[in-house]
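All chains are named by letter (A, B, ...) in the order of the sequence lines, taking the proteins before the strands, and each is independently numbered beginning at 1. Please read all numbers here as calculations on a predicted model, not as lab measurements.
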2 protein chains.
Amino acid sequence: MKERSKSISNIGVKRRSIILSAALRAFADNGYKGTSIQMIADAASLPKTNVLYYFATKKALYSEVMQSILLKWNSSFDEVTADDCPAQSLANYIADKMETSRTHPYSSKVFAIEIINGGQNLEESVKEDNKIWVKGRIAVLEAWIAAHKIEMLNPEYLLYHIWSSTQHYADFSSQIRQLRGREMTDEDFTEATNTLVKLILKGCGLQVPAQYIS
Amino acid sequence: MKERSKSISNIGVKRRSIILSAALRAFADNGYKGTSIQMIADAASLPKTNVLYYFATKKALYSEVMQSILLKWNSSFDEVTADDCPAQSLANYIADKMETSRTHPYSSKVFAIEIINGGQNLEESVKEDNKIWVKGRIAVLEAWIAAHKIEMLNPEYLLYHIWSSTQHYADFSSQIRQLRGREMTDEDFTEATNTLVKLILKGCGLQVPAQYIS
DNA sequence: ACAAAAACTAACCAATTGGTCTACTTTTTA
DNA sequence: TAAAAAGTAGACCAATTGGTTAGTTTTTGT
């Protein structure tokens, strides 16, 4: 059995992915400036020059980390239309975002720091794409409002509300851990998700889908 | 009229406060590591050594910035008891936090970055104080739940919900600005506050106080 | 087996950083 | 009014940083 396709820079692909993981974690814990290439190299058990062999500059490495983050952030809400059920769609979106917070906390943190610091390192195209996405989702929310399917409110603020309350569980995990004295378990996340779904859906005057009632 | 008390190192007090302001802003925009003493000195129109004259080390300066932040974060919710009206108390708390986001965005950002990065630079006593505060507030919320004044839910998650959704307007202001194409005005903040109050209070099964209906 | 391509790495470098030292000026105090 | 204290600031330093160079080792296709 040959393994041609596998062998083409297979090792390179693996190393790159190891470096990207180490970098993601390091950037989340220390910020862009607070992370040195040496730290990433150490975390990946590689010499510094090897990291620079795969990623020409620190900025380039950071950019790729950021890109890999944004790839993970697709959700079922992307395809929701005005014909879909608001309660189900919003509940699923909240649950999706909470799942991302649980499984990819470092991604959320790196993104958060980037935005807090002004998003200077985000490519303009990424910002524009996001703007388009938001416009589309707001259109759906407005259609629901017009059809009296959800309460009247500024849809923009509803989106911010969902983003902030779900991402909080990733970004502020250290504070949450400190307050409870232990890490959030999977069960805790389920309870938190159901609480959020209930709070937000009731806030919009919607019934909570059965699957989100604990 | 003499001015004895005023003259004692008056200039020092002023300089220190100017440096602290410049440092707050710089830390918010660039993170701890991303901020150099030189940057702060430039922003304060002082030579670098002058900054180090007032603050022995960068860490010491950062600590003082952090302390000044936490001082600003008192709110009427601190004194709320089980006898108070949940709807009014929670609505006021949300409005207080939104007002802090509006008037002290840099403080919120520096604090957020600190927590996201693990809170390594926060003194243990600060964390303990916060833990005690949270315990006290949770006790009040539990009393409200027991008295059927608000819906049954995990009070901890309600607190996180309020923190995250209000602080979002400070921390993620660059994203919000990008999406709307302009800064949030005071009127926008009022609308956002009222929207949040409505969402969260309805979520808890409470009536929105008249003053928060736009 | 072997040449080319890919992967790796030690040694090195210029720039920036936090911080010190020293000397000077201004302000306060007795 | 003179000494002491507070404030200002240039020159300097060791450590760390991102990045380069130049050469070696390993992998690969033929």
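Atom P of nucleotide C:dG19 and atom NZ of B:Lys59 are separated by 9 Å, given to the nearest angstrom. Going from atom CZ of A:Phe55 over to atom C1' of D:dG18 covers 16 Å, rounded to whole Å. Put simply, CG on A:Leu52 is 12 Å from C1' on C:dC8, counting in whole angstrom units. Residue B:Ile18 contributes atom CD1, which lies 15 Å from atom C1' of D:dT8 at whole-angstrom precision. Computed from coordinates, the A:Arg16 CZ to C:dA7 P distance equals 10 Å when rounded to whole Å. The nearest whole Å value for the distance from the NZ atom in B:Lys14 to the C1' atom in D:dA6 is 15 Å. Distance, A:Asp42 CG to D:dT17 P: 10 Å, rounded to whole Å. Distance, B:Lys48 NZ to D:dA11 P: 13 Å, rounded to whole Å.
At the phosphate of D:dG7, OP1 or OP2 sits under 4.0 Å from a side-chain N or O atom of B:Tyr53.
Remark: aromatic rings of B:Phe172 and A:Trp163 are distant, center separation not under 6.0 Å.
Here the nucleotide nearest the side chain of B:Pro47, chosen from C:dA10, D:dG19, D:dA9, is D:dA9. Each of C:dG19, D:dA11, C:dT9 was ranked by its minimum atom distance to the side chain of B:Thr49; first place goes to D:dA11. Side-chain atoms of A:Arg15 lie closest to C:dC8 of the nucleotides D:dG18, D:dT8, C:dC8. For B:Tyr54, taking side-chain heavy atoms from C-beta onward, the closest of the listed nucleotides D:dG7, D:dA9, C:dG19 is D:dG7.
Of the N and O atoms on the side chains of A:Lys58 and A:Thr35, not one donor lies less than 3.5 Å from an acceptor on the other residue. Donor-acceptor pairing under 3.5 Å is lacking for the side chains of B:His161 and A:His168.
Minimum heavy-atom separation, B:Lys72 to B:Ser107: NZ-OG, 3.0 Å. Taking every heavy atom of both residues into account, A:Glu114 and A:Leu122 meet most closely at OE2-N, 3.5 Å. A:Ile200 approaches B:Leu199 most closely through the heavy-atom pair O-CD2, 4.2 Å.
The base of D:dG19 is not paired with the side chain of A:Lys58 by any donor and acceptor separated by under 3.5 Å.
Classified by interplanar angle (parallel below 30°, tilted 30° to 60°, perpendicular above 60°), the ring pair A:Tyr169/B:Tyr160 is perpendicular.
Base contact: A:Asn50 has a heavy atom under 4.0 Å from a base atom.
Of the residues in residues 24-41 of chain B, none lies under 4.0 Å from DNA chain D by heavy-atom distance.
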